[in-house]
Amino acid sequence: MYTPHPDRYADMPYRRTGRSGLKLPALSLGLWHNFGPDRPAETQRAILRRAFDLGVTHFDLANNYGPPPGAAESALGEALRADFAPYRDELVISTKAGYLMWPGPYGEWGSRKYLLSSLDQSLRRMGLDYVDIFYSHRFDPDTPLEETMGALHSAVRQGKALYVGVSNYSAEQTREAARILADLGTPLLIHQPRYSMLDRRPEEEGLLDALDELRAGSIAYSPLEQGLLTARYLDGIPEDSRAASDSPFLNTDALTEDLVARLRTLNEIAASRGQSLAQMALAWVLRGGRVTSALVGASSPEQLQDSVAATGNLDFDAEELARIDAAVKQ
């Protein structure tokens, strides 16, 4: 029988999500590519247990996470029944719908039929009556935004979601989504963009400014750039790494000599802060409080614990930020 650590809330910072009453841990656990039948079930449960013991109360999923699609939600459902059923009210569980899940014209994008059908399937896989946050995973150019946001509103009205969010929407799309939701009476809680030291589009394209204006929260995915912002690639490409695999998200072509040189410089800056490169990358995303939470994956409890240690130093001085900017742009 799993018993969580009694001091699990002692060290993790919690940040208010926009203007809502919901607080998220500074680091959230993403159940993306490490939760499925190709990974030992005990390892998956050990990661979830360690997360909760460390105050990571937010588990982030999507209908297509696995592999195969749906497997991550099923894995979480098993863990909830085995370990976390008594602690459901201490957890924030989110899921998304937008990418391909089943054949035919109703299996992806942003129609009302797809979104609400997908949410029902997600709830069954996880064995839940509701999720805390339900996202539109991507903007659908062929469906009226009123329909997509109306479906999110319906999920709240039906009691199947407490809050709603969007992911991979531009600044203007986010503003319009928030306007529609406000008219319906369901606020836009949060946006989930890709954001890291190496990918600054949320800053450059005005998304963070839009979220500030809307008083909505944000949770950054890929803050470690698929593992690039770790020590893993500083001395070449390990055989068991994502870049050496057939992953569509990172391949050997991305590891140029120029990029490796920049990563080594960033690693030196991290060392001067008493952090690993990964810890500094997470701290950088969380600097200043504009980002509510950073999403991390984990292949082991130890890797997760190393990431959580980043919360011990989230402050940067002007010189450090300037050195980071120079290293990224060199």
Subject >> Flag, side chain of Gln279 to backbone of Asp306, donor-acceptor distance under 3.5 Å >> reply: yes
Subject >> Verdict with reasoning, Arg175 to Glu172, per salt bridge (charged side-chain N to carboxylate O under 4.0 Å, His left out) >> reply: CA-CA 5 Å; Arg175 287 190 176 95; Glu172 286 310 307; 2.5 Å; yes
**OP:** Keeping the roles fixed (side chain from Thr265, backbone from Ala261), state whether a donor-acceptor pair exists under 3.5 Å.
**Re:** yes
Subject >> Closest non-hydrogen atom pair between Arg39 and Ser299, with its separation >> reply: NH1-CB, 4.2 Å
**OP:** Please state whether the rings of Tyr87 and Tyr2 are parallel, tilted or perpendicular, taking 30° and 60° as the class boundaries.
**Re:** perpendicular
**OP:** For Glu268 and Ser272, test the side chains for any donor-to-acceptor distance below 3.5 angstrom and give the result as yes or no.
**Re:** no
Original post:
Any idea which heavy atoms bring Glu147 and Ser111 closest together, and the distance?
Top reply: OE2-CA, 3.5 Å
Subject >> Closest non-hydrogen atom pair between Tyr169 and Ala177, with its separation >> reply: CE2-CB, 4.4 Å
**OP:** I would like to know whether Thr143 and Arg112 meet side chain to side chain contact (heavy atoms under 4.5 Å, CB included); could you show each step before the answer?
**Re:** CA-CA 9 Å; Thr143 297; Arg112 179 181 182 86; over 6 Å; no
**OP:** Report the C-alpha distance between Leu31 and Leu48 in whole Å, list the side-chain angles of each, state the deciding distance to 0.1 Å, and finish with yes or no for side chain to side chain contact (heavy atoms under 4.5 Å, CB included).
**Re:** CA-CA 9 Å; Leu31 280 69; Leu48 292 168; 4.2 Å; yes
Subject >> Charged N-O contact under 4.0 Å between Asp120 and Arg124 >> reply: no
Original post:
Does atom CD of Glu204 have more than 12 heavy-atom neighbours from other groups under 6.0 Å away?
Top reply: yes
Original post:
Could you go step by step and tell me if Glu203 and Tyr195 meet the side chain to side chain contact (heavy atoms under 4.5 Å, CB included) rule?
Top reply: CA-CA 9 Å; Glu203 294 177 9; Tyr195 183 43; 2.3 Å; yes
Original post:
Any link between Ile219 and Met12 through a network of hydrophobic side chains (Ile, Leu, Val, Met, Phe, Trp, Tyr) touching at under 4.5 Å?
Top reply: no
Subject >> Atom CG of Asp325 with >12 non-hydrogen neighbours under 6.0 angstrom >> reply: yes
**OP:** Mind listing the closest non-hydrogen atom pair of Ala327 and Leu266 along with its distance?
**Re:** CB-CD2, 3.8 Å
Subject >> Close side-chain approach of Ile47 to Leu29, heavy-atom, < 4.5 Å >> reply: yes
Subject >> Residue pair Glu42, Arg45: steps toward the salt bridge (charged side-chain N to carboxylate O under 4.0 Å, His left out) verdict >> reply: CA-CA 5 Å; Glu42 278 306 309; Arg45 286 178 61 185; 3.6 Å; yes
Original post:
Using 30° and 60° as the class limits, which term best fits the ring planes of Tyr65 and His137: parallel, tilted or perpendicular?
Top reply: perpendicular
Original post:
Would you say Ser136's side chain and Val166's backbone share a donor-acceptor pair under 3.5 angstrom?
Top reply: no
**OP:** Return yes if some donor-acceptor pair links the side-chain N/O of Thr148 with the main-chain N/O of Gly110 below 3.5 Å, else return no.
**Re:** yes
**OP:** Assess whether side chain to side chain donor-acceptor pair (under 3.5 Å) is satisfied between His58 and Ser94, documenting all intermediate values.
**Re:** CA-CA 8 Å; His58 179 207; Ser94 59; 3.0 Å; yes
Subject >> Pair Arg81 + Glu78: basic N to acidic O under 4.0 Å >> reply: no
Subject >> Candidates Thr292, Leu208, Leu211, Leu214 - the one meeting side chain to side chain contact (heavy atoms under 4.5 Å, CB included) with His191 >> reply: Leu211
Original post:
Do the side chains of Trp102 and Glu108 get nearer than 4.5 Å, heavy atoms only?
Top reply: no
**OP:** Only one of Val291, Leu229, Leu282 passes side chain to side chain contact (heavy atoms under 4.5 Å, CB included) with Pro223; say which it is.
**Re:** Leu282
Original post:
Below 4.5 Å, heavy atoms only, C-beta onward: do Glu205 and Leu207 meet side chain to side chain?
Top reply: no
**OP:** May I ask you to test the Met126-Ser122 pair for a side-chain heavy-atom distance under 4.5 Å?
**Re:** yes
Original post:
Does a side-chain N-to-carboxylate-O contact under 4.0 Å join Lys96 and Asp60?
Top reply: yes
Original post:
Quick one: does Leu100's side chain get under 4.5 Å of Asn64's, heavy atoms only?
Top reply: no
Original post:
Yes or no on side chain to side chain contact (heavy atoms under 4.5 Å, CB included) for Leu76 and Leu61, after CA distance, side-chain angles and deciding distance?
Top reply: CA-CA 9 Å; Leu76 180 62; Leu61 302 98; 3.4 Å; yes
**OP:** For Arg200, look at atom CZ and say whether over 12 heavy atoms of other residues, nucleotides or ligands are found less than 6.0 Å away.
**Re:** yes
Original post:
Going by heavy atoms in the side chains, are Ser218 and Pro202 under 4.5 Å from each other?
Top reply: no
**OP:** Please check if any side-chain donor atom of Asn168 sits under 3.5 Å from a side-chain acceptor atom of Arg138, or the reverse.
**Re:** no
**OP:** Please report the shortest heavy-atom distance between Val164 and Pro187, naming the atom on each side.
**Re:** CG2-O, 3.7 Å
Original post:
Should Leu128 and Val156 be counted in the same cluster of Ile, Leu, Val, Met, Phe, Trp and Tyr side chains packed under 4.5 Å apart?
Top reply: yes
**OP:** Measure the spacing between NE2 of His153 and OG1 of Thr186 and express it to the nearest 0.5 Å.
**Re:** 4.5 Å
**OP:** Taking Arg287 for its side chain and Trp284 for its backbone only, find out whether a donor-acceptor pair lies under 3.5 Å.
**Re:** yes
Subject >> Hphob cluster co-occupancy, Leu119 + Ile190, side-chain heavy atoms under 4.5 angstrom >> reply: no
**OP:** Decide yes or no on salt bridge (charged side-chain N to carboxylate O under 4.0 Å, His left out) for Arg290 and Asp209, but give the supporting numbers first.
**Re:** CA-CA 9 Å; Arg290 294 187 84 186; Asp209 291 337; 2.8 Å; yes
Original post:
Leu188 and Ala178: which non-hydrogen atoms are nearest, and at how many Å?
Top reply: CD2-CB, 3.9 Å
Subject >> Same cluster (ILVMFWY, side-chain, under 4.5 Å), Leu162 and Leu22 >> reply: yes
Subject >> Glu176 bridged to Arg179 by N-O distance under 4.0 Å >> reply: yes
Original post:
Is it true that atom CG of Asp129 has more than 12 heavy atoms of other residues, nucleotides or ligands lying nearer than 6.0 Å?
Top reply: no
**OP:** Quick one: sort the Tyr14 and Tyr9 rings into parallel, tilted or perpendicular, breaks at 30° and 60°.
**Re:** tilted
**OP:** May I ask you to decide if Gly70's main-chain N or O and Glu73's side chain share a donor-acceptor pair within less than 3.5 Å?
**Re:** no
Original post:
Where the side chain of Tyr114 meets the backbone of Pro105, is there a donor-acceptor pair that is under 3.5 Å apart?
Top reply: no
Original post:
Please walk me through it: do Arg88 and Asp132 pass salt bridge (charged side-chain N to carboxylate O under 4.0 Å, His left out)?
Top reply: CA-CA 10 Å; Arg88 171 63 181 99; Asp132 296 277; 3.0 Å; yes
Subject >> Heavy-atom side-chain proximity of Arg15 to Ser293 below 4.5 angstrom >> reply: no
**OP:** Give a yes or no on whether the backbone of Asp212 and the side-chain of Arg215 come within a donor-acceptor separation of less than 3.5 Å.
**Re:** no
Subject >> Close side-chain approach of Gln192 and Tyr221, heavy atoms under 4.5 Å >> reply: yes
Original post:
Is there a donor-acceptor pair closer than 3.5 Å between any side-chain N or O of Ser196 and the backbone N or O of Asp199?
Top reply: yes
Original post:
Side-chain heavy atoms under 4.5 angstrom apart, residues restricted to Ile, Leu, Val, Met, Phe, Trp, Tyr: same cluster for Tyr135 and Phe35?
Top reply: no
Original post:
Quick one: does Arg125's side chain have a donor or acceptor within less than 3.5 Å of a partner on Ala72's backbone?
Top reply: no
